Amino acid sequence: MALYSDKVMDHFLHPRNVGMMEDANGVGEVGNAKCGDIMKMYLKIEDDTIQDVKFETFGCGSAIASSSMATEMIKGKPVSEAMQLTNKAVAEALDGLPAYKMHCSVLAEEAVQAALADYEKRKAEGR
Ligand code: FES
């Protein structure tokens with residue numbers, strides 16, 4: 001069996017929603033101290049719905065595939081639904097990741113949560 005699923009390879013080679021976003025109103029950046037990979041997630045939220053999402057990942061192929069898949073899974077969704085996103089769901093949507101690469105999907109979950117927390121913070125501050 002191939003180490004990586006076709007979906008992982010597809011999202012790694014053709015990542016969706018890659019890049020930065022000037023007018024994001026929720027931005028989250030997380031990193032993994034062990035491997036040194038960094039993931040940044042940008043959200044454009046209107047009416048409590050994720051209208052647009054972009055990411056920048058400085059990391060391994062699984063991290064790129066996980067962030068790409070995570071953006072697809074939350075785009076167009078209500079904030080409350082995006083908050084439920086788990087790394088397990090991301091890995092499942094990618095048809096699995098090798099056990100030692102599961103932390104790459106954790107980074108995607110954390111980046112989404114960090115961006116949502118930033119959005120909530122800005123909202124509370126009236127920004
Ligand atoms: Fe660390 Fe993939 S090896 S995020």
Side-chain angles (χ1 to χ4, degrees):
M1 199 190 108
L3 190 55
Y4 294 108
S5 72
D6 289 347
K7 273 198 190 157
V8 172
M9 290 311 293
D10 179 35
H11 279 264
F12 166 54
L13 294 172
H14 311 285
R16 324 309 197 254
N17 307 307
V18 72
M20 68 97 61
M21 193 193 292
E22 295 279 0
D23 60 345
N25 54 1
V27 181
E29 186 174 321
V30 294
N32 181 297
K34 267 195 193 152
C35 65
D37 289 2
I38 296 167
M39 199 179 284
K40 196 165 182 178
M41 197 66 67
Y42 301 88
L43 302 176
K44 176 80 188 154
I45 300 173
E46 278 162 26
D47 301 328
D48 273 323
T49 299
I50 297 171
Q51 304 291 350
D52 201 10
V53 48
K54 291 237 180 294
F55 79 90
E56 292 175 312
T57 292
F58 179 79
C60 74
S62 298
I64 290 167
S66 294
S67 27
S68 170
M69 180 56 87
T71 61
E72 293 252 279
M73 291 171 80
I74 62 168
K75 200 171 185 175
K77 298 278 164 59
V79 168
S80 56
E81 207 173 305
M83 279 177 170
Q84 311 295 321
L85 184 80
T86 63
N87 79 294
K88 204 164 161 274
V90 172
E92 274 169 16
L94 286 168
D95 290 339
L97 284 169
Y100 68 99
K101 285 286 179 181
M102 278 305 280
H103 79 271
C104 315
S105 63
V106 172
L107 218 49
E109 176 190 321
E110 289 177 350
V112 169
Q113 299 308 331
L116 288 168
D118 180 52
Y119 165 74
E120 295 292 349
K121 187 166 165 260
R122 291 186 200 207
K123 203 167 80 166
E125 291 169 356
R127 288 196 283 149

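Bear in mind the structure is a predicted one, so any value in this text is a computation, not a measurement. We count ligands from 1, going down the list as the structure has it; atoms in each ligand are counted the same way.
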(request) Ignoring hydrogens and angles, tell me if any N or O in the side chain of D52 forms a donor-acceptor pair with the backbone of K44 under 3.5 Å. (result) no

(message) Return the closest protein heavy atom for atom 2 (Fe) of ligand 1 as residue, atom name and distance.
(response) C60 SG, 2.2 Å

(message) Would you say CG of D23 has more than 12 non-hydrogen atoms from neighbouring residues, nucleotides or ligands within 6.0 angstrom?
(response) yes

(message) For K101, which part has a heavy atom under 4.0 Å from ligand 1: side chain, backbone, both, or neither?
(response) side chain

(message) Counting non-hydrogen protein atoms only, what is the nearest one to atom 4 (S) of ligand 1? Give residue, atom name and distance.
(response) D37 OD2, 3.0 Å

(message) Please check this pair: side chain of D118 against backbone of V27, looking for a donor-acceptor N/O pair closer than 3.5 Å.
(response) yes

(request) Return yes when at least one N/O/S atom of C104 is nearer than 2.8 Å to atom 1 (Fe) of ligand 1, and no when none is. (result) no

(request) Determine whether more than 12 heavy atoms belonging to other residues, nucleotides or ligands lie under 6.0 Å from atom CD of E125. (result) yes

(request) Go through the side-chain N and O atoms of D95 and S5 and say whether any donor and acceptor fall under 3.5 Å apart. (result) no

(message) Pairing donors with acceptors under 3.5 angstrom, does anything connect the side chains of Y42 and E22?
(response) no

(request) Could you tell me whether atom 1 (Fe) of ligand 1 has an N, O or S atom of C35 under 2.8 Å away? (result) yes

(request) Please write down residue, atom name and distance for the protein heavy atom closest to atom 3 (S) of ligand 1. (result) H103 NE2, 3.3 Å

(message) Only heavy atoms of A63, strictly under 4.0 Å: list the atoms of ligand 1 that pass.
(response) 4 (S)

